[in-house]
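One structure is given here, and the rest of the page talks about it.
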2 protein chains.
Amino acid sequence: MQPTAQISPAALSQKLADSGLRNTPQREVVYSVLVGKRDHPTADEVFARVKSEMPTISLATVYNCLEALVQCNLVRQVNFERGPTRYCPNLHPHAHFHDEATGATYDIDLPPALLEQLRSQLPSGYRASDVEITFRGQATA
Amino acid sequence: MQPTAQISPAALSQKLADSGLRNTPQREVVYSVLVGKRDHPTADEVFARVKSEMPTISLATVYNCLEALVQCNLVRQVNFERGPTRYCPNLHPHAHFHDEATGATYDIDLPPALLEQLRSQLPSGYRASDVEITFRGQATA
DNA sequence: CCTTTGTTTAGAATTATTCTAATTCTTACT
DNA sequence: AGTAAGAATTAGAATAATTCTAAACAAAGG
């Protein structure tokens, strides 16, 4: 998993603008927190991390910022079963491995050919804009 | 998608017993409702369907029954994003296609070889007990 | 029987998330 | 600069799905 490079504030503004959204200090901090520690944090965890840098931010704003970043395709949402939504700034197509023992989440790179093979399993008439692949198990390493 | 045949009440009892659980009229009805209409209903939807047959059942019991059936491997849970959990009596390994327009869910059969290929992408030390594959998009057919 | 253990039930509690309404910021005119 | 219009932020209320709680019930074993 090579990390996705953090984009510049200007590029962030641009990406937001592309989706009709504005850049704000809050959105910048939320984004930088996400790329700073790619452990698939929940909104609550993001909130806690952001507060140390910007103590006045509210949880509602964190949700708003995360949604904005998802909308402009800088961040992906990840869900495991019924757990809280997690956020992932890795934009490479990849799967997730969810360690049932520790709760940790790892990114798993997938060859594009394999994804293509998966897509080809769909009957004609089914057009998938997205595939989500999640492994569950134990990582002993 | 060939449908999974409904198992007999005796076999249901046996499966439950294998997991240290008892059979009950409620569990039988919940199971028969699930196999009766395989449209991946939510707990609420199951509740509504079961009530017509057994009007005194409670929602908590439906949750309990569904959990029991999941535990003894007769039913799978399916989650889409943040939506309510859905229940699926199809035990063949398969993926799901979630139609974003209608909200409908379709089962997609997957060749075991492809699943094996997916599993082989995991680094050594990662042992997956389960893989979940979800397509999102639009079904025009 | 009588005890133990599992199940059901109704309703309360919980959790993650979204909504609301008031305020504050930006942007873009004039 | 001054101001109107549209976004974004905030705190707290509301919601939705699910889980928990405690009491009643049922079944199984000695």
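So you know, we letter chains A, B, ... as the sequences are listed, proteins then strands, and number each from 1. All figures in this text were calculated on a predicted structure; none of them were measured in a lab.
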Touch check for A:Thr24, heavy atoms < 4.0 angstrom, all strands: base, sugar-phosphate only, or nothing?
sugar-phosphate
Assess the residue pair A:Thr140 and B:Arg127 against the criterion (side-chain hydrogen bond (donor to acceptor under 3.5 Å, both in side chains)); give the C-alpha distance rounded to whole Å, side-chain angles, the decisive distance to 0.1 Å, and a yes or no.
CA-CA 8 Å; A:Thr140 57; B:Arg127 269 206 322 186; over 6 Å; no
Distances for protein N/O vs nucleotides 25-27 of chain D N/O pairs under 3.5 angstrom?
none

Please write out each protein N/O paired with an N/O of nucleotides 18-24 of chain D under 3.5 Å, distance rounded to 0.1 Å.
{"from": "D:dT18", "atom 1": "OP1", "to": "B:Thr85", "atom 2": "N", "distance (Å)": "2.8"}
{"from": "D:dT18", "atom 1": "OP1", "to": "B:Thr85", "atom 2": "OG1", "distance (Å)": "3.0"}
{"from": "D:dT18", "atom 1": "OP2", "to": "B:Tyr63", "atom 2": "OH", "distance (Å)": "2.5"}
{"from": "D:dT18", "atom 1": "O5'", "to": "B:Tyr63", "atom 2": "OH", "distance (Å)": "3.3"}

Rounded to the nearest Å, what distance is computed from the CD1 atom of residue B:Ile57 to the C1' atom of nucleotide C:dT7?
11 Å
Between B:Phe135 and A:Tyr126, ring centroids under 6.0 Å:
no
Return no unless some side-chain N or O of A:Gln26 is found under 4.0 Å from OP1 or OP2 of C:dC25.
no
List the steps, then state whether salt bridge (charged side-chain N to carboxylate O under 4.0 Å, His left out) holds for B:Arg76 with B:Asp107.
CA-CA 12 Å; B:Arg76 274 178 56 185; B:Asp107 287 358; over 6 Å; no
Which pair of heavy atoms, one from B:His94 and one from B:His96, lies closest together, and at what distance?
NE2-NE2, 3.0 Å
B:Glu45 atom CD is separated from D:dA17 atom C1', nearest whole Å, by 13 Å
Taking the side chain as every heavy atom from C-beta outward, state whether A:Gln121 and B:Asp109 have any atom pair closer than 4.5 Å.
no
Given atom CG of A:Leu16 and atom C1' of C:dT27, what is their separation to the nearest angstrom?
16 Å
Without decimals, in angstroms, what is the distance between A:Leu66 CG and C:dT18 C1'?
14 Å
Rounded to whole angstrom units, what separation is found between the CZ atom of A:Phe80 and the P atom of C:dA16?
16 Å
Determine, step by step, whether A:Glu28 and A:Asn23 satisfy the side-chain hydrogen bond (donor to acceptor under 3.5 Å, both in side chains) criterion, reporting the C-alpha distance in whole Å, the side-chain angles of both residues, the deciding distance to 0.1 Å, and the verdict.
CA-CA 7 Å; A:Glu28 280 192 15; A:Asn23 193 8; 2.8 Å; yes
What verdict does the salt bridge (charged side-chain N to carboxylate O under 4.0 Å, His left out) test give for A:Asp44 and A:Arg86, after you've listed the backbone C-alpha separation in whole Å, the side-chain angles of each residue and the deciding distance to 0.1 Å?
CA-CA 10 Å; A:Asp44 266 333; A:Arg86 294 169 174 282; over 6 Å; no
Can you tell me how far P of D:dA11 sits from CZ of A:Phe47, to the nearest Å?
8 Å
For residues A:Tyr87 and A:Leu69, determine if any side-chain heavy atom of one lies less than 4.5 Å from a side-chain heavy atom of the other.
no
Quick one: A:Asn23 CG to C:dC25 P, roughly how many Å, whole number?
16 Å
Provide, to the nearest angstrom, the distance between the CE atom belonging to B:Met54 and the C1' atom belonging to C:dT7.
12 Å
If the cut-off is 4.0 Å, is B:Asn64 near the phosphate of C:dT8, judged by side-chain N/O to OP1 or OP2?
yes
Considering only heavy side-chain atoms of A:Ser58, the closest of D:dT10, C:dT8, D:dA8 is D:dT10
Passes side chain to side chain contact (heavy atoms under 4.5 Å, CB included), B:Ser129 versus A:Glu100? Steps please.
CA-CA 10 Å; B:Ser129 59; A:Glu100 289 178 311; 3.9 Å; yes
